[in-house]
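Report on the structure given below.
Below, read A as the first sequence line, B as the second, and so on, with proteins coming before strands; counting in each chain starts at 1.
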Amino acid sequence: MPASLVQIQQIFDKKLEGKKVKIRGWVYRKREIKYTIFLLIRDSTGVIQCTVKKDSSAWEMADKVTIESSVILSGMVKSDKRAPGGYEIAVDQLTIVGLAETFPITKDYSEDFLRDVRHLWLRSRRMTLIMRVRSEVLKFIHDFFRRRGYVEVSPPMFISSACEGGATLFGLKYFDKELYLTQSAQLHLEALIYSLEKVYCVAPSFRAEKSRTIRHLAEFWHVEAEAAFTTMEDMMKLEEDLVAYICHQTAKKCKKELEILNTNIEKLLKVKTPFPRITYNEAIERLQNKGFKIEWGEDLGYDEEKALAEDFGHPFFIYAYPRKIKAFYCKTYRDNPELVMSEDMLVPRIGEIITGGAREDNKEELIKRLKEFGLRQEDYEWYIDLRRYGTVPHAGFGLGVERLLAWILDLENVIDAVPFPRTIRRYYP
RNA sequence: GCCGCCGUAGCUCAGCUAGGUAGAGCGACGGGCUGUUAACCCGUGGGUCGUCGGUUCGAGUCCGACCGGCGGCGCCA
């Protein structure tokens, strides 16, 4: 009977003991003693020990094979207490698909070195698990929005005018013109609510912030949503529902990955809506009581955010900020124009994971605010048009995927939440 | 942009305080071992000590500049 091609996990799940199987994968470990070669073979589903005896016709190939070589092998599945996981394959046939040169990653490594060989480190168990969870989290995000009637849209990456501060734009040559990489899809999403009403996207945003921290990437994945006939309060409810949904689904569907990654699953299960909400004024008061030297009107620094986050231990909101420390498009409170309807969701250790709020929907107010920020009206005429033709109260938000993942998975740095991180210093591989 | 730390073998590091022939472990290679669990034992190779300059009879070590990286702040998701 010919060996049937299986994935490694099936050998452990389906009790293929006594059956002849064929697997394809990579050599994860190789250990040799006089009459036996042990090969630990990994594929995308798991790792299994394979034994090659000296009298086997596969001996010659097994002797030659190196760590990380790609192979196809077949043999009998046997139960053996000495094998990791309880099963192993007694190999009778081994083909080397790609003989690997000496693999540079060994048991002694530094963070720095792993960043240089990121393209190879992605094969590690740890990175593989993180990438799987990332994939699931993205799926949960799409599931959530679609159930709520949101339409996925595809915003442009090339833009002609800034959304956030102009200093953090990446400029680039666009034919004979100067353009920028987008910092946020928000402005373009706003244009789409006039027909679709509720829209969202998952797309990269690019920011030339010269930040050297564990929570900044020059290219990060941004979940953004925008909805018509919506207030900031509606949006905060949507945000907390989304984050709670992601946490609960991840805890449930990625239990195995979270356990191997040694993640605090309890933390995810404890996430409950509604999240605590404090105003900016309350935040300042709390901080002053804690002894922070901060005055009303100043923006919260990372130390301040961290101190507040420790009080809650869970995601929470700060809202109603001073107008001057938030973006031009934020809508002011009509009864107190010094404050804007802007809100941040913060989590312990990482800080801000979401910023959202109501957008200024009055044409005159918007033009006034553009001037206040020293922006040229002609660069934003298309955006002002959205207030000229059937303006509507609306709100939206942006969520940083890597920051959320870093919090969920207790990662030390957001760079591990993305396969090929781009920071001010790193763009290779 | 400001502040701090780091750079020695393919990898992880010691050597620097107090200048005097370049070291260890892992990996690689060769050998040994009848079941290994990132095996173990014996052996062999492997270095412009980040770069340039200075001090000195002599610099990995002391001094200066530069380059590269990591982290903190600010800014942000």
Check step by step if side chain to side chain contact (heavy atoms under 4.5 Å, CB included) holds for Glu298(A) and Ile284(A).
CA-CA 9 Å; Glu298(A) 290 181 68; Ile284(A) 293 294; 5.8 Å; no

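Here His222(A) and Phe220(A) bring their ring centres to under 6.0 angstrom of each other. No close placement of the His119(A) and Phe420(A) rings is indicated, their centers lying 6.0 Å or farther apart. For Phe170(A) and Phe206(A), the gap between ring centers reaches or exceeds 6.0 Å. Ring centers of Tyr383(A) and Tyr329(A): at least 6.0 Å apart, outside the cut-off.
Residue Tyr427(A) places its OH atom among 12 or fewer non-hydrogen atoms of other residues, nucleotides or ligands, all under 6.0 Å distant. Within a 6.0 Å radius of CD in Glu178(A), other residues, nucleotides and ligands contribute more than 12 heavy atoms.
Salt bridge present: Glu240(A) and Arg277(A) bring a charged side-chain N and a carboxylate O closer than 4.0 Å. Using a cut-off of 4.0 Å between Lys/Arg side-chain N and Asp/Glu carboxylate O, Asp361(A) and Lys331(A) are scored as salt-bridged. Ion pair Asp299(A)/Lys324(A) not flagged as a salt bridge, since none of the NZ, NE, NH1 or NH2 atoms sits closer than 4.0 Å to an Asp/Glu carboxylate oxygen. Ion pairing between a basic and an acidic side chain is recognised when a charged N comes within 4.0 Å of a carboxylate O; Arg118(A) and Asp416(A) show such pairing.
With both ends at atom C1', the span from C26(B) to G46(B) equals 14 Å, rounded to whole Å. Taking atom C1' on both A9(B) and A24(B), the two are 11 Å apart, rounded to the nearest angstrom.
Gly301(A) comes within contact range of the sugar-phosphate backbone alone, with a heavy-atom separation under 4.0 Å but no base atom that close. Residue Arg426(A) is in sugar-phosphate contact alone, with no base atom involved, counting any heavy-atom pair closer than 4.0 Å across all strands shown. If you check every strand for non-hydrogen atoms under 4.0 Å, Tyr35(A) touches a base. No engagement by Ile350(A) is indicated, since no non-hydrogen atom pair under 4.0 Å with the nucleic acid exists.
Nucleotide G20(B) is matched to C57(B) when pairs are restricted to Watson-Crick or G-U wobble geometry with both distances under 3.5 angstrom. Nucleotide G64(B) is matched to C52(B) when pairs are restricted to Watson-Crick or G-U wobble geometry with both distances under 3.5 angstrom.
Residues of residues 275-294 of chain A that place a heavy atom closer than 4.0 Å to RNA chain B do not occur.
Stacking annotation: Phe38(A) is not stacked on the base of G35(B) (requires ring centroids less than 5.5 angstrom apart and an interplanar angle below 30 degrees).
Nearest-nucleotide assignment on RNA chain B puts the 5′-proximal partner with Tyr109(A), out of Thr51(A) and Tyr109(A). The nearest heavy atom of RNA chain B to Tyr302(A) and to Arg425(A) marks one nucleotide each, and the one closer to the 5' end goes with Arg425(A).
One can find a donor-acceptor pair under 3.5 Å joining the base of C76(B) and the side-chain atoms of Arg403(A).
Computed from coordinates, the His216(A) NE2 to C70(B) P distance equals 15 Å when rounded to whole Å.
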Could I get a table of every N or O pair under 3.5 Å where one atom is in the protein and the other is in nucleotides 49-51 of chain B?
none

How does each nucleotide of nucleotides 26-33 of chain B score, in 5' to 3' order, for protein heavy atoms under 4.0 Å: base (B), sugar-phosphate only (S), or none (-)?
SSS----B

